[in-house]
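The first residue in the sequence is number 1, and the count goes up from there.
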Amino acid sequence: MLLRLPTSLSEAWRCLADGAVPVGGATLVWAQWQRDGFPEQAMSLRRLPRATVVDAETLGAAVLLHQVDDRVPEVLRRAAASVGTGAVRRTATVGGNIVGSALRCLLPPALVLDARATVMDGDGTYEAELAEVVAKRPLMLDIRWRRPLVSGYHKAPGEAGGPPPLVVATAVHAEVDGGRRLFTAVRDGDEVVSGSVPARADAGRVLDALEGTALGGLPGPAWDVVRREATDVLGRADA
């Protein structure tokens, strides 16, 4: 297998055109390749500057999870720190977790940050919504978001080999009209659901409105966690 390491967008596009398979940290594909056979070409973005950025509003797809630090919002940092073991976090990438993983621990945080992804396919580079990225699985270069006022992250304890633990991500954003908006996203089992509501009234009324979104269909125990996490982040936004 030939591993290609593009250093520019044009070179990455040529690798895709040549049929190179995006490899990320290989934590999700190595066992499959050992079983089914290795591709002729693979591509890593670890030398592509666009894919290795870490700052207050951008996170590159080739960034390793252990490199996600306090330059990014709390919700993303805590999510990255919760994935697997230290050995996994030193290998697994942001793009692999969002696009390649069935668990997608970083997807709820990205949703509450109202993030969009920069992706590449055979036609070039463009911006896409995260739902499209998860469904079509293009080559992701980075995610970009609006900086929240506050954010929070909860991941329930889980057992190795057991069902995916509950994840609840929250964030409060300032609106252009001077108001605020609460974003909440939940991974319950294999499903990720999200919703957002204005955060202009008291917490009880905000939570009632949130229950009217797709999140209202969550089972009782999950909804209890949502209420707790949303109440906490609303309180911190008002502090």
Side-chain angles (χ1 to χ4, degrees), residues 53-60 63 68-83 94 97-98 104-118 127-134 140 142-156 165-188 191-239:
V53 174
V54 184
D55 64 32
E57 296 178 350
T58 310
L59 190 58
V63 173
V68 180
D69 55 26
D70 57 8
R71 287 173 288 182
V72 307
E74 175 189 354
V75 64
L76 265 179
R77 174 178 53 80
R78 289 175 57 189
S82 77
V83 175
V94 170
N97 185 273
I98 293 177
R104 302 190 298 272
C105 293
L106 299 187
L107 180 58
L111 288 171
V112 302
L113 293 176
D114 201 19
R116 293 178 65 84
T118 307
E127 189 177 88
E129 294 185 354
L130 292 175
E132 177 184 346
V133 173
V134 172
M140 192 174 84
D142 62 38
I143 57 172
R144 298 167 181 263
W145 56 83
R146 294 191 296 146
R147 296 181 67 176
L149 297 173
V150 293
S151 63
Y153 182 80
H154 167 83
K155 185 176 185 179
L166 177 73
V167 165
V168 178
T170 52
V172 175
H173 291 266
E175 300 280 77
V176 293
D177 62 359
R180 295 176 177 179
R181 195 166 189 87
L182 169 68
F183 287 74
T184 306
V186 177
R187 185 189 71 194
D188 183 39
E191 298 298 320
V192 176
V193 293
S194 62
S196 71
V197 294
R200 298 176 180 174
D202 64 87
R205 292 176 64 184
V206 174
L207 292 171
D208 288 344
L210 194 63
E211 195 168 6
T213 70
L215 295 164
L218 290 168
W223 179 249
D224 289 342
V225 178
V226 169
R227 291 181 65 90
R228 185 191 71 209
E229 292 296 305
T231 300
D232 173 73
V233 79
L234 288 168
R236 287 194 284 125
D238 290 335

Closest heavy-atom pair and its distance - Ser194, Ala185
CB-CB, 3.8 Å
With sequence neighbours excluded, tell me which residues meet side chain to side chain donor-acceptor pair (under 3.5 Å) with Ser196.
Arg181
When you measure from the side chain of Lys155 to the backbone of Ser82, do you find a donor-acceptor pair of N or O atoms at a distance under 3.5 Å?
yes
Tell me the closest heavy-atom pair linking Cys105 and Asn97, and the distance in Å.
N-OD1, 3.1 Å
Taking all atoms of both residues into account, what is the closest heavy-atom pair of Gly152 and Val75, and its distance?
O-CG2, 3.2 Å
Minimum heavy-atom separation for Ala169 and Pro109, please, with both atom names.
CB-N, 3.7 Å
Distance-minimising heavy-atom pair for Leu106 and Ala80
CD2-N, 3.6 Å
Trp145 (side chain) donor-acceptor with Ala56 (main chain) under 3.5 angstrom
yes
Working to the nearest 0.5 angstrom, can you tell me the gap between Asp188 CG and Trp223 CH2?
12.5 Å
If we only count heavy atoms from C-beta on, is the Met140 to Ile98 side-chain gap below 4.5 Å?
yes
Sort and list the pairs that fulfil salt bridge (charged side-chain N to carboxylate O under 4.0 Å, His left out) and have at least one residue in residues 193-210, not counting sequence neighbours.
Asp177-Arg200
If you look at every heavy atom in Val192 and Pro108, which pair is closest and at what distance?
CG1-CG, 4.3 Å
Is Thr58 close to Ile143 at the side-chain level, that is, under 4.5 Å between some pair of heavy atoms?
no
Please name all residues satisfying side-chain contact (heavy atoms from CB on, under 4.5 Å) with Arg71, sequence neighbours left out, ordered by chain then number.
Val54, Asp69
Residue pairs involving residues 225-239 (criterion salt bridge (charged side-chain N to carboxylate O under 4.0 Å, His left out); sequence neighbours excluded):
Glu74-Arg236, Arg180-Asp238, Asp232-Arg236
Sequence-distant partners of His154, ring-ring contact (aromatic ring centres under 6.0 Å, His included), two or more places apart
none
Given the rule in the side chain to side chain contact (heavy atoms under 4.5 Å, CB included) test, do Arg77 and Asp70 qualify, once you have shown the distances and angles that lead to the verdict?
CA-CA 6 Å; Arg77 174 178 53 80; Asp70 57 8; 4.1 Å; yes
So, using side-chain contact (heavy atoms from CB on, under 4.5 Å) as the criterion, who are the partners of Thr118 when residues are at least two apart?
Arg50, Thr125, Leu141, Asp142, Arg144
Taking only distance into account, with no hydrogens and no angle test, what donor-acceptor pairs under 3.5 Å do side-chain atoms of residues 209-222 form with protein atoms, sequence neighbours excluded?
| from | atom 1 | to | atom 2 | distance (Å) |
| --- | --- | --- | --- | --- |
| Thr213 | OG1 | Leu210 | O | 2.7 |
| Thr213 | OG1 | Leu215 | N | 3.2 |

Of all residues at least two apart in sequence or in a different chain, which pass the side chain to side chain donor-acceptor pair (under 3.5 Å) check with Arg104?
none
Any side-chain heavy atom of Thr170 within less than 4.5 Å of one from Val112?
no
Among Val53, Val94, Val72, side-chain contact (heavy atoms from CB on, under 4.5 Å) partner for Val63
Val94
Which residue pairs satisfy the salt bridge (charged side-chain N to carboxylate O under 4.0 Å, His left out) criterion with at least one member in residues 166-176, sequence neighbours excluded?
Arg146-Glu175
Answer whether the closest heavy-atom distance between the side chains of Val167 and Val186 falls below 4.5 Å.
no
Does Glu191 have any side-chain contact (heavy atoms from CB on, under 4.5 Å) partners at least two apart in sequence or in another chain, and if so, which?
none
For Glu129, give me all partners under side-chain contact (heavy atoms from CB on, under 4.5 Å), at least two apart in sequence or on another chain.
Arg116
Which residues pass the ring-ring contact (aromatic ring centres under 6.0 Å, His included) test with Phe183, sequence neighbours left out?
His173
